[in-house]
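In what follows, a single structure is set out as structure tokens and then discussed.
Quick note on labels: first sequence line is chain A, next is B, and so on, each numbered from 1.
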There are 2 protein chains.
Amino acid sequence: MKNRRLFWRIVDQIEAMISGGDFPAGSRLPPERELAEIFDVSRPTIREAIIALEVRERVEVKTGSGVYVLEQTNLSKADMAISAFELTQSRALIEGEVAALAATSITDEELEKLHGTLIAMEKGDYTEEADEEFHRIIAVATRNKAMLRTVENLWSLRVSNPQIVADYGSVCAKSNQNKILNEHTAIYKALKARDATAARAAMHQHFNRLINSLFDALEAKALEEVRRKASEKRGLYSLEGVLHRPA
Amino acid sequence: MKNRRLFWRIVDQIEAMISGGDFPAGSRLPPERELAEIFDVSRPTIREAIIALEVRERVEVKTGSGVYVLEQTNLSKADMAISAFELTQSRALIEGEVAALAATSITDEELEKLHGTLIAMEKGDYTEEADEEFHRIIAVATRNKAMLRTVENLWSLRVSNPQIVADYGSVCAKSNQNKILNEHTAIYKALKARDATAARAAMHQHFNRLINSLFDALEAKALEEVRRKASEKRGLYSLEGVLHRPA
DNA sequence: TAGTTAAAATTGGAATTACCAATTGGTAAA
DNA sequence: TTTACCAATTGGTAATTCCAATTTTAACTA
């Protein structure tokens, strides 16, 4: 059995203390010199252990201040913090450029595929898939794999962040499918005409309308919240409630 | 510009050497004592850098034997296939929009930080770090986490795709630092003036000049290849070779 | 007494030196 | 040729010193 290096043993012990609640997120670990005494090892060994913890994003090191325990976060948590507004604004700006670039190089075959997605959406078949395919074909038409990758990343956010899924759900309902189809059609026509400026504008319009819909939904939710609270206040002061209160 | 700890700088440099092909997977890094001489730092600093690389699973440490480079599996095949041209074009289009958006919301504090990166580049200190920080501050200034994420993804491609690292290496050499600094300064001034259109144009110019440099480098390489092949053809048909051919 | 500034204390950062533990390669002997 | 041993090399840990950054405390002023 190969010997385990001492600093790795210290890493494990500190991680156990963090996980065990000795040092909650936000708290500060004891100073290096004190940890060296606690664990009866040299200070460089403690430093090496702390660097490993830092790379693992378990702690944050602040020179002159101390070593602080981080929330157990990962990249997906950062993605979770992205709102539907932020995503949609980004898509407007980025996919606007994607559409403009694609207008300069899109092939007849790709246009035919684009048209296929419009047909599918018109039929009401697999509208979300058709939506994704529509944007993906345009990204492929740019002939730029970094652009394609970026569009894929944005779509991935759209379908995996629960809050964004819910927000998009409320503005991409059946009742709005005609609007979306009309906007996709306008983008398609601009691409077919190989008009980069029109394609960019059409894509902007598509997402800006979506942003407005998100605002509308947010306002409706806020009004609903105000009504709910007023209703609670009514219940709080109503005599009916008082009369029925158990002794 | 906040001071970056020395061992992190060494981590970056070693990673660049690995990504740049100096130390292919399976090869052994120079001994700690030698690395300390090469980088002109102390051996504990090297040790700290190597521990970070180990946690990142870039290297494997064998006591008494050496530090060995591990296969790098993070990059997908699709990401490996992205060329420096594609990345740079994407950055031009996307970061142009980022700059325009940032011009509408950038704070004085952020402008000050941006200026700090210009100072660092002027001094010749850690220019790649200052470059990254420059673009990152602008992305943060958009107040849009999806945009920031996109810029981070593009930068990640820039530093982890070996071919892109090599290509950028040849056009971001010391001799071009003044051009880059001038372009960054133009972007900074447009942002300071809160002029979205100028910021977008300045960012486009920055990357378009970079694309042209990449083309120049590619052309030089192609010419070199043509010369090499012509030289081979000359050798193939030269009488000297024929006369000296062994029986 | 309250606010501000400067000094002191504390904490992390880096370097130097020394010695120990593990591995590898070279040499000698069987 | 094979095996054993030794020296050299490489990583691992400790101790000490001094520097850089931040926080806390003390002193001063209004």
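In this structure B/P30 satisfies the side chain to side chain contact (heavy atoms under 4.5 Å, CB included) test together with B/F23, B/E34, B/L35, B/I38, sequence neighbours excluded. Every residue two or more places apart in sequence or in another chain that forms a ring-ring contact (aromatic ring centres under 6.0 Å, His included) with B/Y188 is listed here: B/H115. With sequence neighbours excluded, the residues that form a ring-ring contact (aromatic ring centres under 6.0 Å, His included) with A/F207 are A/H135. With sequence neighbours left out, A/F85 forms a ring-ring contact (aromatic ring centres under 6.0 Å, His included) with A/F215. Residues passing the side chain to side chain donor-acceptor pair (under 3.5 Å) test with A/E37, sequence neighbours excluded: none.
Legend: ring-ring contact (aromatic ring centres under 6.0 Å, His included) pairs involving residues 36-70 of chain B, not counting sequence neighbours: none detected. Within the structure, every pair that satisfies the salt bridge (charged side-chain N to carboxylate O under 4.0 Å, His left out) test and touches residues 150-164 of chain A, not counting sequence neighbours, is listed here: A/R136-A/E152.
For DNA chain D, no neighbouring residue in residues 13-25 of chain A is found when judged by any heavy atom under 4.0 Å.
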Could you write out each protein N or O paired with an N or O of nucleotides 12-16 of chain D at a distance under 3.5 Å?
from, atom 1, to, atom 2, distance (Å)
D/dG12, OP1, A/R5, NE, 3.0
D/dG12, OP1, A/R5, NH1, 2.9
D/dG12, OP2, B/R47, NH1, 3.0
D/dG12, OP2, B/R47, NH2, 3.3
D/dG12, N7, B/R43, NH2, 2.7
D/dG12, O6, B/R43, NH1, 3.2
D/dT13, OP1, A/L6, N, 2.4
D/dA14, OP2, A/S42, N, 2.9
D/dA14, OP2, A/S42, OG, 2.8
D/dA14, OP2, A/T45, OG1, 2.5

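Following rounding to the nearest Å, A/E60 (CD) and C/dG13 (P) show an atom-to-atom distance of 12 Å. Between A/L35 atom CG and C/dT10 atom P there is a gap of 17 Å when expressed in whole angstrom units. Nucleotide C/dA22 holds its P atom 17 Å from the OH atom of B/Y68, rounded to whole Å. Taking atom CD of residue A/E34 and atom P of nucleotide C/dT11, one finds them 8 Å apart after rounding to whole Å.
The pair B/R4-B/D12 counts as a salt bridge, with a side-chain nitrogen and a carboxylate oxygen less than 4.0 angstrom apart.
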